[in-house]
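Since the structure is predicted, the reported quantities are computational estimates derived from the model, not experimental observations. Here is the naming used below: chain letters follow the sequence lines, and residue numbers restart at 1 for every chain.
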Amino acid sequence: MRFGLSEEQTLLSDSITRFLADNVPLEEVRKVASGEASDSAVWQGLTELGVPGLMIPEDHGGVGLGSLDAVVVADCLGGNVTPSPFISSAVIAPTILLAAGKREDLLGSIAGGEVRIGIAFGEAIGARVDADVKVSGGKISGKSLFALDTQADHFLVATKGKHIYLVSASDCEVTDLPTVDRTRTTCEIKYNDVAAELISDDPAVFTEALDRARVVMASDTLGAAQHMIDEAVAYAKVREQFNRPIASFQAVKHMCAQMIADLEPCRSMVWYAGHALDSVPEEARLLACHTKAHLAEVGRSVSKTATEVHGGMGFTDLLGLHYWFKRCGFNRQMLGVPEVVREEAARLQGLAA
Amino acid sequence: MRFGLSEEQTLLSDSITRFLADNVPLEEVRKVASGEASDSAVWQGLTELGVPGLMIPEDHGGVGLGSLDAVVVADCLGGNVTPSPFISSAVIAPTILLAAGKREDLLGSIAGGEVRIGIAFGEAIGARVDADVKVSGGKISGKSLFALDTQADHFLVATKGKHIYLVSASDCEVTDLPTVDRTRTTCEIKYNDVAAELISDDPAVFTEALDRARVVMASDTLGAAQHMIDEAVAYAKVREQFNRPIASFQAVKHMCAQMIADLEPCRSMVWYAGHALDSVPEEARLLACHTKAHLAEVGRSVSKTATEVHGGMGFTDLLGLHYWFKRCGFNRQMLGVPEVVREEAARLQGLAA
Amino acid sequence: MELSFGPEYESFREEVRDFITTHKDQQAPSSAGSEAGKSWQKTLIEAGYTARTIPKEYGGFGAAPDMVKSRIINEEFSTARMPGGLGGQGISMLIPTLLEMGTDEQKEQFIKPTLHGEMVWCQGYSEPGAGSDLASLRTSAVLDGDEWVINGSKIWTSTAHLAHWMFCLVRTEPDAPKHNGISFLLLRMDTPGIEIRPLVDMTMNANFNEVFFTDVRVPKDQIVGRRGQGWQVANAILGHERDSLADPNASMTRLNSLIDLMKTETLGGERLIDNPLYRERLMKIQGRVMAMRYNDMRVLSSRLNKDQEAPLARMITKLQGTELRHELEALAIDAMGEVGLSFGSNPYLRGGGSWQYQFMYFLGLIIGGGTNQIQKNIISERGLGMPKEPKIEK
Amino acid sequence: MELSFGPEYESFREEVRDFITTHKDQQAPSSAGSEAGKSWQKTLIEAGYTARTIPKEYGGFGAAPDMVKSRIINEEFSTARMPGGLGGQGISMLIPTLLEMGTDEQKEQFIKPTLHGEMVWCQGYSEPGAGSDLASLRTSAVLDGDEWVINGSKIWTSTAHLAHWMFCLVRTEPDAPKHNGISFLLLRMDTPGIEIRPLVDMTMNANFNEVFFTDVRVPKDQIVGRRGQGWQVANAILGHERDSLADPNASMTRLNSLIDLMKTETLGGERLIDNPLYRERLMKIQGRVMAMRYNDMRVLSSRLNKDQEAPLARMITKLQGTELRHELEALAIDAMGEVGLSFGSNPYLRGGGSWQYQFMYFLGLIIGGGTNQIQKNIISERGLGMPKEPKIEK
């Protein structure tokens with residue numbers, strides 16, 4: 001019995017972490033967040049490590065790894081607030097195309113980092129405002145909101161009925177929708193009766209992709225929150241007030257203890273949820289829901305508390321701590337807010353209608 | 001402008017507090033809680049201070065005071081975990097009989113402490129288990145659960161439709177239902193087609209009584225929680241560990257600070273809610289709901305934290321702190337749990353169906 | 001319980017309302033330094049609706065202090081959304097300080113122009129190394145002939161880029177115990193050696209600045225109070241600032257905006273207010289806001305009535321009020337889901353982006369103005385009489 | 001991730017299951033000291049399902065330590081609700097202590113009868129004045145000839161009224177620094193001068209006792225370890241107790257009972273599970289219980305695999321687990337409304353009154369076994385490397 005990452009997964013984590021430390025310092029994140037640069041360079045760099053093709057089988061040009069490996073990568077990406085279309089292009093899109101057995105020709109270009117696939121799932125999870133899409137006779141009309149990845153070449157669009165269509169970004173009117181978290185992009189897509197290719201009419205395909213994405217997003221929060229705790233503890237040890245490091249004040253110590261007490265079990269939960277997606281299908285859905293919702297809650301409290309431990313410095317842009325705060329906030333709201341996701345968890349167990 | 005108690009109300013509070021300190025020490029509470037004694041002696045003593053007739057007009061033999069005065073008394077009773085049928089006999093019953101203009105002949109005996117009126121409101125607020133009552137042709141059948149005051153001479157029973165009937169305890173099968181809080185009694189009443197006198201078929205009468213009872217119960221929690229904070233702070237100042245009073249540890253200080261920060265605004269809220277019942281009818285209902293629910297939450301957290309501050313001593317029976325803990329617990333659950341009461345608050349504002 | 005202010009004040013309220021009606025077309029001045037702003041300030045002072053208790057000789061209205069009248073003015077202006085008088089730390093902090101501790105010359109020189117918007121001030125208290133422990137500040141001022149020579153830096157200085165003058169705390173007696181080595185100086189912001197850097201915060205706005213001093217020379221007499229007495233000078237009015245950070249009436253107004261939002265925004269076609277989970281959270285917050293509102297009435301009452309005391313009610317306002325607002329804003333964000341993330345130029349912004357902005361801003365207020373951990377120290381020590389932590393002197 | 005224990009252990013699991021099937025009619029012994037209890041203990045030891053790693057010469061099964069086998073035994077016994085071996089602090093705390101620190105004579109004299117239920121022990125560590133700060137204990141033992149003379153008192157002594165012996169910590173070197181002045185003694189509970197008073201707790205049960213010592217004389221050689229070394233002796237095994245207070249598998253079982261309860265109880269005719277507010281709280285707790293469960297798997301794994309470390313995962317178990325259980329019990333009470341208040345002989349008790357009982361009992365566990373404030377000190381200091389508070393020596 002061995003609960004934890006394999007040697008290969010630890011190596012994967014180390015190499016991604018090293019790459020990000022060397023190539024995506026906070027300065028680079030700031031540039032992307034401020035619009036001075038796009039995340040393309042980062043994505044190209046990650047392509048050399050095989051990240052876009054992580055979950056794509058080798059015979060399609062990928063690395064052929066599983067969900068737990070994606071969890072490992074997301075933990076690193078979140079920990080570094082790395083700008084990238086990882087969840088959309090590397091997790092959701094390959095899952096859908098492979099599960100549906102459609103347009104597998106795209107997989108090679110995804111793995112090669114040449115093609116990015118955006119995701120418009122909002123309407124299938126719980127539509128906001130007047131977002132709605134209609135498909136008839138191979139044409140799609142309407143609009144999607146807060147779709148992932150403004151720079152995508154294609155979008156996978158899910159309807160309320162959980163059918164999934166592929167549309168080309170160049171056929172649509174795509175407008176960036178800035179959110180608090182500028183390390184990932186979201187957009188509005190207007191479809192004016194344009195070509196839409198049916199990829200799947202099986203809701204199970206949508207669900208499989210959503211489950212994976214939720215666990216991966218939870219892992220991104222895990223990484224971000226862990227980073228914030230590490231920073232808070234380190235800052236408290238060097239910051240002196242009243243002639244002592246603030247880390248020696250019981251109030252500060254207990255804030256840090258509570259943060260890690262809340263987050264530490266999340267690591268095991270995220271790992272197990274990743275493992276379940278690969279190997280314990282009967283538990284995977286429930287795990288995906290609970291992991292997404294639980295990490296959303298812990299992410300919120302940790303990101304608040306870690307900011308507080310930093311005092312005024314946490315509120316400024318000087319240390320850039322807020323990028324992690326906002327990353328946790330983004331992950332909480334996207335792909336299902338906790339209330340919605342917990343209700344799904346109840347439904348899965350026959351506890352809600 | 002003067003927000004607060006009048007001089008008379010302060011005097012009332014002082015005299016009740018003094019009476020309770022002299023006549024109802026913890027030893028007496030223990031006796032009632034263990035079943036060695038009933039609360040009759042306490043109630044008789046309080047009669048001398050006019051407590052049972054507090055809200056009964058002078059021409060009916062009472063003192064003719066208002067809701068804010070009842071709030072003041074409840075604060076004292078809760079602070080001393082005083083066993084007594086105050087809410088049922090002195091608050092709800094007079095309110096109903098006066099509002100309905102029925103059986104006012106009972107008011108004098110209530111004020112004189114000779115008659116106690118119990119209250120069976122559960123079914124009208126939200127029925128549990130198989131409690132249900134039916135009235136037809138002046139006869140009542142069915143059963144009520146967790147009615148207030150096992151020793152009552154009569155019960156005011158509310159139906160689902162919020163009609164209120166008076167029944168005689170001697171006509172019914174009354175069984176004590178012990179709860180964690182043995183300072184007040186609740187019972188099961190079985191009605192076997194016995195005489196029931198219609199007191200009111202106007203739901204507004206029920207509602208007025210319920211509003212008052214909820215505010216008074218919230219005030220009871222206020223008193224109990226304040227007592228627990230006072231005890232916790234006092235204990236922390238004398239209890240030494242690691243060669244210093246535990247009150248000098250920041251963790252303990254912040255627990256106490258949070259307790260009082262939560263409770264202090266409750267005092268103003270309870271006072272205003274009492275005042276609104278007397279003088280601001282358009283705000284009274286909303287205040288009653290929110291005050292009941294908010295004090296339930298604060299009562300729970302304060303009673304937990306104050307116990308923790310006492311360490312192992314808080315968990316034992318030695319200091320009797322648990323009587324206050326349980327009092328807060330009882331007040332939370334009776335006359336509407338917070339979730340039910342908040343939903344009523346939403347409904348009052350047109351925010352819920 | 002007597003919640004009316006009585007007939008005298010009700011007629012004063014009518015007076016204020018009449019003024020508001022007369023001036024109902026008054027626009028909010030675009031900026032503090034604008035001519036329109038100064039002119040409106042003049043009108044308000046003449047009517048007695050701002051600078052009310054400042055002596056006439058210093059450009060104020062010269063009325064006796066009357067908390068009720070001040071409150072009535074605030075209430076009526078706020079209800080009518082009528083622009084109030086000029087704000088800023090010069091008016092709210094420096095003027096009361098000078099009135100209490102300044103020399104006649106200082107009062108003469110500074111109060112009137114400050115009041116009339118001719119002289120804008122910033123505050124230099126906190127330093128990068130002196131936040132919660134403000135008294136450990138290190139920016140030094142050394143007397144050299146007739147001048148103080150200042151070196152060091154200040155942080156959290158709002159409006160530094162707009163200010164003509166700064167009032168600040170500096171260490172003038174390096175060998176004295178830390179609270180006794182500080183002086184309160186006034187200095188012109190165009191003095192050579194001052195550098196201002198905007199300080200961007202997590203809302204991505206430069207609400208604050210850092211100010212750096214390199215051999216900044218300030219005339220010797222620009223000190224308020226005596227040498228080494230600066231801590232007492234500053235503390236004479238510090239308490240005022242804290243209370244205003246979490247006004248329960250503002251929370252109530254904000255709550256009503258949240259209710260409106262929840263009535264219009266939808267999730268899967270259902271109004272947010274119809275979702276039992278969000279509605280329950282809304283009601284929980286409403287209950288807490290109401291409690292804080294009555295707490296505030298009690299605080300006001302204790303100020304009006306000499307025989308009433310409510311020190312704890314006052315002490316807990318900042319702690320509770322800032323956490324409550326932060327949670328209130330969070331509920332709006334949560335309930336809106338993806339839409340709640342909107343920021344910047346996003347066309348789906350709700351409330352002009354204020355929900356995310358205030359969510360972060362109130363986290364800043366949880367930290368600022370004495371962190372909520374410092375507040376809990378104060379509440380437990382001054383409010384509950386619990387002992388201070390053992391002190392460590394270096 | 002490899003969550004199976006492998007074929008060797010799966011066949012061991014089969015073995016355990018066969019044993020359980022063979023003994024499926026075994027009743028839980030009515031009390032620890034009963035003959036049935038002793039006989040069942042003997043059967044279990046012979047099969048190797050309790051006292052597994054205790055050497056044969058001291059009456060145990062004599063197997064090499066194997067955490068996986070122990071866990072499999074626990075899992076299978078628990079699933080089948082098969083009564084386990086004898087418990088109590090003599091078996092769980094004293095025997096491991098003696099094995100590590102006892103003399104051969106002590107091992108000889110005490111382990112076997114303790115293991116076989118002939119000798120029942122209680123623990124005398126905490127004192128009224130020494131709780132979180134256990135090392136400040138004051139019960140004294142003074143050597144008088146060949147005997148220790150003990151005076152003082154102990155608290156939180158469970159089973160004191162049933163025990164034949166006590167192992168306890170006493171101060172033998174009053175002038176030494178506090179951690180170095182303590183010795184670990186063994187004494188007979190029928191020694192003259194011992195008085196036992198039951199200690200009723202908030203659940204109204206006497207789960208604990210106070211024990212008072214007046215000139216209690218104990219033979220000199222009834223000491224474990226050396227004089228002044230008692231703190232080290234006791235701490236060699238203290239950690240074990242803490243972990244068992246908040247077993248996540250027990251929380252999961254309890255959560256399932258709560259789900260069953262919410263499916264059957266009603267409010268206004270609606271099942272509690274159909275109330276969105278209670279359902280949401282249930283789901284929140286379920287998510288947390290699951291997180292603790294996988295955390296526990298990680299802890300187990302780190303014990304089985306030398307190259308894995310998870311010190312924080314282990315350190316947070318008590319803090320998180322006890323709070324979580326307290327909240328879980330609270331949800332049951334809340335959802336049941338008035339019915340949730342039932343206690344004692346109330347016929348509407350649900351779950352035999354266990355919801356209110358456990359709600360309070362887990363508040364006791366939040367406090368006991370090292371208060372959750374002490375846990376946070378440990379997590380921050382040992383887990384996060386934050387500095388200790390400045391110490392004050394009297």
Side-chain angles (χ1 to χ4, degrees), chain B residues 1-7 9 68 229-230 233 236-237 244-245 247-250 252-275 278-280 286-287 289-295 297-298 338-339 341-346 349 351-353, chain C residues 1-6 9 67-68 71 248 259 262-263 273-274 276 279-280 282-284 286-302 304-305 307-308 310 312-317 319-320 323 372-373 375-381 383-390:
Chain B
M1 186 267 188
R2 188 182 173 88
F3 183 97
L5 303 184
S6 67
E7 210 171 313
Q9 285 158 342
L68 183 52
I229 296 175
D230 294 344
V233 170
K237 286 178 185 171
R244 44 197 272 209
S248 72
F249 283 102
Q250 208 178 19
V252 174
K253 287 162 72 172
H254 285 200
M255 288 165 90
C256 292
Q258 190 62 59
M259 283 195 283
I260 200 69
D262 289 338
L263 191 66
E264 190 67 14
C266 291
R267 181 169 307 281
S268 304
M269 186 185 210
V270 166
W271 284 353
Y272 187 80
H275 169 71
D278 292 332
S279 314
V280 200
L286 184 61
L287 255 301
C289 290
H290 272 311
T291 304
K292 171 74 167 71
H294 184 58
L295 267 290
E297 305 292 0
V298 174
E339 290 79 9
V341 179
R342 277 192 289 263
E343 191 69 356
E344 284 185 47
Q349 300 171 82
L351 302 177
Chain C
M1 279 288 179
E2 175 49 67
L3 301 182
S4 133
F5 293 120
Y9 288 113
M67 256 178 298
V68 175
R71 191 178 176 99
I259 293 174
M262 289 177 62
K263 281 179 174 171
I273 195 74
D274 294 330
R279 189 168 64 232
E280 157 89 344
L282 179 72
M283 287 300 100
K284 268 190 176 169
Q286 188 177 50
R288 290 164 63 196
V289 170
M290 286 169 80
M292 289 310 292
R293 192 191 206 183
Y294 302 116
N295 187 71
D296 185 56
M297 288 172 68
R298 185 164 163 229
V299 169
L300 173 67
S301 182
S302 74
L304 294 175
N305 299 285
D307 63 323
Q308 288 187 323
L312 276 164
R314 198 166 149 188
M315 237 176 254
I316 57 103
T317 303
L319 172 67
Q320 296 295 81
E323 294 282 354
N372 281 1
Q373 282 67 51
Q375 298 300 322
K376 288 185 195 174
N377 282 355
I378 294 173
I379 294 165
S380 59
E381 289 164 16
L384 300 174
M386 298 175 87
K388 291 199 173 231
E389 289 209 75

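A distance of 8.5 Å separates CD of C:Q308 from CG of B:L5, quoted to the nearest 0.5 Å. Taking NE2 from B:H275 and CD from C:E2, the interatomic distance works out to 8.0 Å, rounded to the nearest 0.5 Å. The distance from the CD atom of C:E381 to the SG atom of B:C256 is 12.0 Å, given to the nearest 0.5 Å. From C:M290, atom CE reaches atom NE2 of B:H294 across 10.5 Å, with rounding to the nearest 0.5 Å. To the nearest 0.5 angstrom, C:Y294 atom OH is 4.5 Å from B:L287 atom CG. Once rounded to the nearest 0.5 Å, the distance linking CE of B:M255 with OG of C:S380 reads 12.5 Å.
When all heavy atoms are compared, the tightest approach of C:I273 to B:L351 is CG1-O, 3.6 Å. In plain terms, the two heavy atoms of B:A352 and C:R279 that are nearest each other are CB-NE, 3.5 Å. The heavy-atom pair separating C:M297 from B:Y272 by the smallest distance is CE-CE1, 4.4 Å. Nearest heavy atoms, C:I316 versus B:A261: CG2-CA, 3.5 Å. In terms of heavy atoms, C:N305 sits closest to B:M1 at ND2-O, 3.1 Å. A pairwise comparison of heavy atoms in B:M269 and C:G287 identifies CE-O, 3.3 Å as the closest pair.
Heavy atoms of B:E339 lying under 4.5 Å from chain C belong to its backbone as well as its side chain. Looking at B:A273, there are no atoms closer than 4.5 Å to chain C (heavy atoms on both sides), in backbone or side chain. At a 4.5 Å heavy-atom cutoff, the contact between C:N377 and chain B is made by backbone and side-chain atoms alike. Neither the backbone nor the side chain of B:D230 comes within contact range of chain C, judged by heavy atoms closer than 4.5 Å. Contact of B:V270 with chain C is not made at all, since no heavy-atom distance falls under 4.5 Å. With a 4.5 angstrom heavy-atom cutoff, B:A293 does not touch chain C via any of its atoms. The contact between C:K263 and chain B is made entirely by side chain atoms (from C-beta outward), counting heavy-atom distances below 4.5 Å.
Annotation: side chain of B:E264 is not in contact with side chain of C:Q320 (no heavy-atom distance under 4.5 Å). Contact annotation: the side chain of C:L304 never approaches that of B:R2 to less than 4.5 Å [non-hydrogen atoms, C-beta and beyond]. Using a 4.5 Å cut-off on side-chain heavy atoms (C-beta onward), B:Q258 and C:L319 make contact. Residues B:E297 and C:R288 form no side-chain contact, since every pair of their non-hydrogen atoms from C-beta on lies 4.5 Å or further apart.
Using a 4.0 Å cut-off between charged nitrogen and carboxylate oxygen, C:E389 and B:K253 do not count as a salt-bridge pair.
For the residue pair C:Q286/B:Q349, the side-chain donor-acceptor check at 3.5 Å is satisfied.
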What do the steps show when you test C:M283 against B:H290 for side chain to side chain contact (heavy atoms under 4.5 Å, CB included), and what is the final call? CA-CA 8 Å; C:M283 287 300 100; B:H290 272 311; 4.0 Å; yes
Worked check of side chain to side chain contact (heavy atoms under 4.5 Å, CB included) between C:M1 and B:Q9: CA-CA 10 Å; C:M1 279 288 179; B:Q9 285 158 342; 5.9 Å; no
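Ranking C:M292, C:M262, C:Q373, C:M315 against chain B, the residue ahead of the rest is C:Q373, based on heavy-atom pairs under 4.5 Å. In terms of heavy-atom pairs under 4.5 Å with chain B, the best-connected choice from C:G383, C:S302, C:G385, C:A310 is C:G385.
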